[in-house]
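Indexing begins at 1, ligand by ligand and atom by atom, following the structure's order. Here, residue 1 is the first one in the sequence, and each next residue gets the next number.
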Amino acid sequence: MKPEKIKGLFESERRDVRVSVSGWVRTRRDSKEFSFLEINDGSCQANLQIIADATLPNYVECVQKLYPGASVCVTGMLRQSQGAKQSLELQAETIQMLGASDPLSYPLGKQRIGFERLRELPHLRVRTNSFAAVARLRSALAFAVHQFFQSRGFVYVHTPIITSSDCEGAGEMFQVTTLNLSEPLPRDGKGVDYRQDFFGARASLTVSGQLEGETYACGLGDIYTFGPTFRAENSNTRRHLSEFWMIEPEMAFADLEDDQQLAEDFLHEMFSAALKRCPDELAFFDKRVLPGVLARLEKLAASPFVRMTYTDAVEQLEKSGHDFEFKPFWGMDLQSEHERFLTEQICNGPVIVTNYPESIKAFYMRRNDDGKTVAAMDVLLPEVGEIIGGSQREERLDVLENVLCEKGLDPARYSDYLDLRRYGTVPHAGFGLGFERLVQICSGMHNIRDVIAYPRAPGLIR
Ligand code: 4AD
């Protein structure tokens, strides 16, 4: 029979009843007449305290061999605890060890271990308070993402992982091939002959589901994707992963204003959902991971987003007289020091920056009438920087064809995308949000590698 969840026991009023629980031992303390075991089953932040009397028939050969990491099944009477720290305890009647754990080699003993060391133990770190809390927060946020879009009538679309198009046009893609790399590669006049590869063409892992998302929006109206994306950029920072999950809504018959509003509503909803669904996890993060993260989240959930154009943003940065490492000027990509200054010093809250120079943005963004900027937007948050990138898309066939050529991209490779502009084109807009960055902000975890189960980054795969 499935044991009960410890979370359910803490939430219920039931006392002096017989229950069975299973979990992993966190600690054991022995006294003369009994042992205290703290066990955790991953369902909540709290451990359940087990009292194991020395009179139990298997006390010596089982209970006294329960070290941190061992798995157990315990049946007993659930009681209100006398101790100040615990509200509940289980007076054990039977204890069964399911799996032993060697105290000499188990890496998660009593002493605290740094996150960096834990990153080398991706298979065990979920048994720590921090990583279990992150995993539960991540799950609650993923659920909230679906609820937000479903309640607004957006259709969930699964876009392909393997693709032949480079959405961002930046060439930062992982190649997918079955060509034998230890043999000389088949060649034609221009280089590797991908006609002989598995798909008969060069294939890669997707950097974004946007292009396919756009095709679905131009038939279904409002859609969203939520899937893995891959970037082969050599960014060894605490905000970049090579494999991350992206949420990408796309709306037909919508412009940049609509896009900004959706982004603001969506983020407010995500911050509120974290506060509402994970109070214990957030209290833990606030105490142990980043003091102040709870107040930060409460503020974010209630702050209206300031909106300003890129041109205004650069002007304000220039006017500030602040001594930036990179002097701001019109035409530059905003650096994280600029993003932080804008959100923390100038606006004191989240900012949506719009209408960036076309030279620093992707080909699909709609050209503005000024001939210099595109209808792009980035959502920036205090302390953490960019969380969302999006735009109104270029829906005019002739303009898009010209831009592709200007940017050195081959229009023939984007023929499906161009067809959307040939047949019943519509104004449309969307954005992408890196899910791990959202989890990072809500949890206060310093490094993005600690908010995904198996982080992938340059030189890091396990
Ligand atoms: O600004 P990006 O590159 O936009 C796109 O990919 C668009 N196609 C999205 C769209 O309009 N549908 O990425 C969007 C977001 C960023 O704001 C950031 O949150 C996240 O994806 N992101 C990363 N997160 C973790 N690691 C990386 N290497 C990331 N690169 C982008």
Legend entry - Closest approach of any protein heavy atom to atom 26 (N) of ligand 1, naming residue and atom: Leu241 N, 3.0 Å
Inset, instruction - Quick one: look up the protein heavy atom nearest atom 15 (C) of ligand 1 and list residue, atom name and how far away it is. - result: Gly432 O, 3.5 Å
Legend entry - Enumerated ligand 1 atoms positioned under 4.0 Å from heavy atoms of Ser208: 6 (O), 8 (N)
Legend entry - Closest approach of any protein heavy atom to atom 19 (O) of ligand 1, naming residue and atom: Ile387 O, 2.8 Å
Legend entry - Salt bridge flag under 4.0 Å for residues Asp286 and Arg296: no
Inset, instruction - Give the atoms of ligand 1, by number and element, whose distance to some non-hydrogen atom of Arg239 is under 4.0 Å. - result: 25 (C), 26 (N)
Inset, instruction - Of the side chain and backbone of Ile388, name the one, both, or neither that has a heavy atom under 4.0 Å from an atom of ligand 1. - result: backbone
Legend entry - Which segment of Thr229 sits under 4.0 Å of ligand 1 when only heavy atoms are counted: neither
Legend entry - Any Arg393 heavy atom less than 4.0 Å to ligand 1: yes
Legend entry - NZ/NE/NH1/NH2 to OD/OE distance under 4.0 Å, Arg422 and Asp419: yes
Legend entry - Under 4.0 Å to a heavy atom of Tyr364 - the qualifying atoms of ligand 1, by number: 7 (C), 8 (N)
Legend entry - Spacing of Asp188 atom CG and Arg195 atom CZ [to the nearest 0.5 Å]: 5.5 Å
Legend entry - Protein heavy atom at shortest distance from atom 6 (O) of ligand 1: Arg231 NH2, 2.8 Å
Inset, instruction - Under 4.0 Å, heavy atoms only, figure out whether ligand 1 is touched by the backbone of His240, its side chain, both or neither. - result: both
Legend entry - Donor + acceptor pair across side chains of Asp265, Gln261 (<3.5 Å): yes
Inset, instruction - Scan side-chain atoms only and decide if Arg413 and Tyr417 contain a donor-acceptor pair under the 3.5 Å cut-off. - result: no
Legend entry - Closest to atom 23 (C) of ligand 1 (judged by heavy-atom distance), picking from Phe244, Phe431, Phe230: Phe244
Legend entry - Nearest-neighbour protein heavy atom for atom 12 (N) of ligand 1, which is reported as residue plus atom name and distance: Glu248 OE2, 2.7 Å
Inset, instruction - For ligand 1, find out whether one of its N or O atoms is nearer than 3.5 Å to an N or O atom of Ile448. - result: no
Legend entry - Check ion pair Lys361-Glu358 (N to O, under 4.0 angstrom): no
Inset, instruction - Say whether Glu436 and ligand 1 are in contact under the criterion: heavy-atom distance to a ligand atom below 4.0 Å. - result: no
Legend entry - Protein contact of atom 5 (C) of ligand 1 - nearest heavy atom, named by residue and atom, plus distance: Glu168 OE2, 3.3 Å
Inset, instruction - To the nearest 0.5 Å, tell me how far Thr343 OG1 sits from Glu386 CD. - result: 12.0 Å
Inset, instruction - Run the numbers for me: atoms of ligand 1, each under 4.0 Å from some heavy atom of Glu233, listed by number. - result: 28 (N)
Inset, instruction - Could you check Phe149 against Phe226 for ring-ring contact (aromatic ring centres under 6.0 Å, His included), going step by step and ending with a plain yes or no? - result: CA-CA 11 Å; Phe149 287 114; Phe226 185 178; 9.1 Å; no
Legend entry - Phe230 and Val207, any side-chain heavy atoms less than 4.5 Å apart: no
Legend entry - Ser391-ligand 1 polar pair, N/O distance under 3.5 Å: no
Legend entry - Ser242 side chain near Phe174 side chain, heavy-atom distance below 4.5 Å: yes
Legend entry - Between Tyr454 and His123: side-chain donor-acceptor atoms closer than 3.5 Å: no
Inset, instruction - Find all atoms of ligand 1 within a distance of less than 4.0 Å from any non-hydrogen atom belonging to Glu386, and give their numbers and elements. - result: 1 (O), 16 (C), 17 (O)
Legend entry - Side chain proximity check, Ile39 to Val72, heavy atoms < 4.5 angstrom: yes
Inset, instruction - Distance to 0.1 Å, residue and atom name: give those for the protein heavy atom nearest to atom 18 (C) of ligand 1. - result: Arg437 NH1, 3.5 Å
Legend entry - Heteroatom proximity flag, Gly434 to ligand 1, N/O under 3.5 Å: yes
Inset, instruction - May I ask whether Glu250 has any heavy atom positioned less than 4.0 angstrom from an atom of ligand 1? - result: no
Legend entry - Polar side chain donor-acceptor pair, Gln210 to Tyr364, under 3.5 angstrom: yes
